Amino acid sequence: MRLSRFFLPVLKETPAEAQIVSHRLMLRAGMIRQEAAGIYAWLPLGFKVLKKIEQIVREEQDRAGAIELLMPTLQLADLWRESGRYDDYGQEMLRITDRHERELLYGPTNEEMITEIFRSYVRSYKDLPKNLYHIQWKFRDEQRPRFGVMRGREFLMKDAYSFDVDEAAGRHSYNQMFVAYLRTFARMGLKAIPMRAETGPIGGDLSHELIVLAETGESVVYCDKNVLDLPIPGEDTDYQSDLSGIVEQWSSIYACTEDVHEQARYEAEVKPENRLETRGIEVGQVFFFGDKYSKPMKAVVAGPDGVERPVQMGSYGVGVSRLVAAIIEASHDDNGIIWPESVAPFGVTILSLKPGDAEVDLACETAYEALTKAGREPLYDDRDERAGGKFATADLIGMPWQLIVGPKGIANGEVELKNRKTGDRQTLSLPDALKALGA
RNA sequence: CGGAGUGUGGCUCAGUCUGGUAGAGCACUGCGUUCGGGACGCAGGGGUCGCAGGUUCGAAUCCUGCCACUCCGACCA
């Protein structure tokens with residue numbers, strides 16, 4: 001992409017309403033625009049990142065055996081009356097009436113709908129287990145939206161729902177998602193720690209929140225430093241095998257949010273030098289809640305004995321849009337965002353320090369073509385801007401690699417390759433620089 | 001939902017107390033000089049001062065009502 005043709009409305013000054021660093025940087029980098037309280041338009045740069053994150057979530061869900069579908073944003077109120085949650089949800093639920101006076105709601109989650117879909121088709125234990133997920137926009141009419149997309153009213157979420165014949169099988173499904181989440185967040189460059197959690201209004205007795213450690217996070221967390229060094233399950237993990245060892249390994253080390261923190265247990269289990277009290281952002285949550293929805297909604301299957309019983313369910317959420325902000329909270333500096341390569345909107349930016357100079361143009365075009373062919377998604381800053389502005393923009397928007405092409409270097413047959421994260425600069429020939437970038 | 005604020009050009013803000021022809025910086029347009037870490041000069045364009053009433057010769061400014069947004073708390077993927 002040539003920057004001269006892209007839509008990147010960066011701001012030099014920080015809009016007054018933004019309090020936390022990710023919100024400020026997302027506005028300054030031209031990633032989002034607020035349309036109403038807690039409702040944002042995703043501008044091209046932000047949308048690219050959102051899509052990258054969504055795709056990683058999707059790949060890891062698929063790998064773990066979950067099946068993607070897509071449910072609508074609008075749901076019938078009657079469906080929620082079946083589970084009894086229509087009234088429980090209160091003002092957070094956005095209620096809508098259509099022209100026929102039919103009561104609808106903009107879905108804040110999809111337990112009811114997926115249960116309705118499931119019960120319509122599945123009758124036998126032979127059809128189990130199943131894990132269905134979708135990635136869809138949700139709406140919760142928060143009393144007080146804040147922190148940009150971190151706590152918006154409209155948000156993109158991946159939610160998966162598992163269906164099993166009994167509790168043991170249900171726990172296996174839970175473990176599969178637990179492991180998938182470890183992999184998902186690690187791929188985005190995040191340290192996300194599963195922490196024992198309260199089950200909240202959704203109910204059930206087994207739940208973990210996945211918390212990204214970030215000084216600017218909303219919740220206070222307490223954990224054993226050893227949890228940071230646990231290995232992430234590899235790509236070759238067999239999701240059909242018994243995963244309880246991995247789950248046990250992670251959940252045996254103390255890690256709790258403020259809500260369920262027990263100081264006495266913490267002091268007993270964690271050596272003073274290993275105690276880590278910091279802040280974190282919840283980016284995912286896994287629940288096993290048994291028959292909470294299947295029982296009232298009559299989602300039953302016949303077992304091997306011919307007796308019908310409610311299916312055992314779990315639900316597994318990932319805040320996809322929130323993750324954009326969480327990654328920034330965890331990875332930025334005074335100059336701007338530092339994208340991990342896996343979610344960067346572009347792989348590398350080519351900074352032409354003197355557009356119009358024949359030699360510089362030639363080198364940039366050569367690099368642009370080669371990097372495009374190599375699938376590195378280059379962003380070519382071909383604007384007629386001063387060098388300082390280009391450096392500042394590239395840093396602000398977090399480009400992981402900057403290929404700097406200026407007349408002085410080109411005269412010596414050299415370009416510079418800068419790593420955003422470390423700040424390291426190497427002076428190389430153009431072919432060597434391209435080779436270093438995999439082109 | 002309790003409490004506290006703020007609405008003035010695309011952005012950051014001054015002006016409001018004490019009513020008298022709407023300002024600055026950034027951004028934008030043109031010209032010139034600059035040109036490896038957000039340059040400089042000159043000349044321009046752009047605002048029903050959140051909305052609706054009211055007071056007044058005259059309202060961004062005073063009064064009333066409404067709306068939106070933000071912050072603190074409670075709540076929350």
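Just the heavy atoms: all of them, side chains too, but no hydrogens, waters or symmetry mates, feed the values below. Predicted model only: the values in this text are computed from it and were never measured. The chains referred to below are lettered A, B, ... by the order of the sequence lines, with proteins before strands, and numbering in each begins at 1.
- Picking from A77(B), U12(B), G73(B) the nucleotide with the shortest atom distance to the side chain of Arg146(A) gives G73(B).
- Residues from residues 28-57 of chain A placing a heavy atom under 4.0 Å of any atom in RNA chain B, listed by number, are Arg28(A), Gln34(A), Ala36(A), Ala37(A).
- Between the side chains of Arg95(A) and Tyr106(A), not a single donor N or O lies within less than 3.5 Å of an accepting N or O.
- Position along RNA chain B of the nearest nucleotide to Gln19(A) versus Val318(A) favours Gln19(A) as the more 5'-ward residue.
- What separates CG of Leu190(A) from P of A77(B) is a distance of 19 Å, to the nearest Å.
- The nucleotide whose nearest atom lies closest to any side-chain atom of Thr393(A) is, among C75(B), C71(B), G38(B), G38(B).
- Contacts of Leu351(A) with the nucleic acid, taken as non-hydrogen atoms under 4.0 Å apart, are absent.
- If you check C26(B), G73(B), A77(B) against the side chain of Lys12(A), the one that comes closest is C26(B).
- Heavy atoms of Gly389(A) sit under 4.0 angstrom from at least one base atom.
- For the C1' atom pair drawn from C28(B) and G45(B), the interatomic distance equals 8 Å after rounding to whole Å.
- Residue ring and nucleobase are stacked for Phe155(A) and A77(B), with a centre distance beneath 5.5 angstrom and an angle between planes beneath 30°.
- At whole-Å resolution of the value, CD in Glu385(A) and P in C40(B) are 14 Å apart.
- In this structure, Asn110(A) contributes its side chain and Met113(A) its backbone to no donor-acceptor pair below 3.5 Å.
- In this structure, Arg322(A) contributes its side chain and Glu282(A) its backbone to a donor-acceptor pair below 3.5 Å.
- Look at CE on Met93(A): it is 14 Å from P on A77(B), rounded to the nearest Å.
- Which of G37(B), C76(B), U70(B) sits closest to the side chain of Glu142(A) comes down to C76(B).
- Relative to the side chain of Arg386(A), the nucleotides U34(B), C71(B), G38(B) differ in distance, and U34(B) lies closest.
- When the P atom is used for both A22(B) and C1(B), the distance is 40 Å, rounded to whole Å.
- With sequence neighbours excluded, no residue forms a side-chain hydrogen bond (donor to acceptor under 3.5 Å, both in side chains) with Arg275(A).
- Arg153(A) comes within 4.0 angstrom of no nucleic acid atom, judged by non-hydrogen atoms across all strands.
- Contact between the side-chain N/O atoms of Arg144(A) and the OP1/OP2 oxygens of C69(B) is not found at any separation under 4.0 Å.
- The nucleotide G7(B) finds its pairing partner in C67(B), both defining distances of the Watson-Crick or G-U wobble pair being shorter than 3.5 Å.
- The pairing partner recorded for A24(B) is U12(B), the criterion being a Watson-Crick or G-U wobble arrangement whose two distances lie under 3.5 angstrom.
- Using the six-membered ring where Trp is involved, Tyr380(A) and Tyr368(A) have ring planes that are tilted, between 30° and 60° apart.
- Shown here, U48(B) forms no base pair; nothing in the strands shown gives a Watson-Crick or G-U wobble contact with both key distances under 3.5 Å.
- Distance from the side chain of Asp395(A) is smallest for G37(B) among the nucleotides A77(B), G37(B), C71(B).
- Note: CD (Glu17(A)) to P (C72(B)) measures 13 Å, nearest angstrom.
- G38(B) and A27(B) have their P atoms separated by 13 Å, with the value rounded to a whole Å.
- At distances below 3.5 Å, at least one donor-acceptor pair connects side-chain atoms of Arg153(A) with backbone N or O atoms of Ala37(A).
- Between Arg279(A) and Glu218(A), no side-chain nitrogen of the basic residue sits less than 4.0 Å from a carboxylate oxygen of the acidic one, so the salt-bridge criterion is not met.
- G50(B) and C13(B): their P atoms are spaced 16 Å apart (whole Å).
- When the P atom is used for both U6(B) and G15(B), the distance is 12 Å, rounded to whole Å.
- Rounded to whole Å, the separation between the C1' atoms of C11(B) and U55(B) comes to 35 Å.
- Of the candidates G38(B), A77(B), C1(B), the closest approach to any side-chain atom of Arg140(A) belongs to A77(B).
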Q.
Please determine whether ring pair (Phe, Tyr, Trp, His ring centres under 6.0 Å) holds for the pair Trp137(A) and Phe155(A), giving the CA-CA distance in whole Å, both sets of side-chain angles, and the decisive distance to 0.1 Å.
A. CA-CA 6 Å; Trp137(A) 292 92; Phe155(A) 55 97; 8.3 Å; no
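- Classification of the His261(A)-Tyr266(A) ring pair by plane angle, with boundaries at 30° and 60°, yields perpendicular.
- When ring centroids are compared, Tyr174(A) and Phe289(A) stay outside the 6.0 Å threshold.
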Q: Let me see the working for Phe163(A) and Phe118(A) under ring pair (Phe, Tyr, Trp, His ring centres under 6.0 Å), right down to the final yes or no.
A: CA-CA 9 Å; Phe163(A) 301 89; Phe118(A) 179 87; 4.0 Å; yes
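- Across the interface with RNA chain B, nearest-nucleotide mapping of Met150(A) and Pro407(A) shows Pro407(A) to be the residue nearer the 5′ end.
- Atom CG in Leu25(A) sits about 16 Å away from atom C1' in C11(B), given to the nearest Å.
- Residue Trp137(A) contributes atom CH2, which lies 13 Å from atom C1' of A77(B) at whole-angstrom precision.
- Residue contacts shown for Gly406(A) include a base, since a base heavy atom lies under 4.0 Å away.
- Rounded to whole Å, the P atom of C42(B) lies 25 Å from the corresponding atom of G37(B).
- Here, C17(B) and C62(B) have their P atoms 5 Å apart, quoted to the whole Å.
- A donor-acceptor pair is defined here as one N or O able to donate and one able to accept, closer than 3.5 Å; no such pair exists between the side chain of Ser207(A) and the backbone of Ala197(A).
- Taking atom CE of residue Met26(A) and atom P of nucleotide C11(B), one finds them 18 Å apart after rounding to whole Å.
- Atom CZ in Phe147(A) sits about 15 Å away from atom P in A77(B), given to the nearest Å.
- Under a 3.5 Å cut-off, the side chain of Ser252(A) and the backbone N or O of Gln249(A) do form a donor-acceptor pair.
- At the heavy-atom level, Lys158(A) lies nowhere under 4.0 Å from the strands shown.
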Kindly give the atom pairs (protein nitrogen or oxygen, nucleotide nitrogen or oxygen) under 3.5 Å for nucleotides 23-25 of chain B.
{"unit_1": "G25(B)", "atom_1": "N2", "unit_2": "Glu13(A)", "atom_2": "OE1", "d": "2.9"}

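- No engagement by Gly356(A) is indicated, since no non-hydrogen atom pair under 4.0 Å with the nucleic acid exists.
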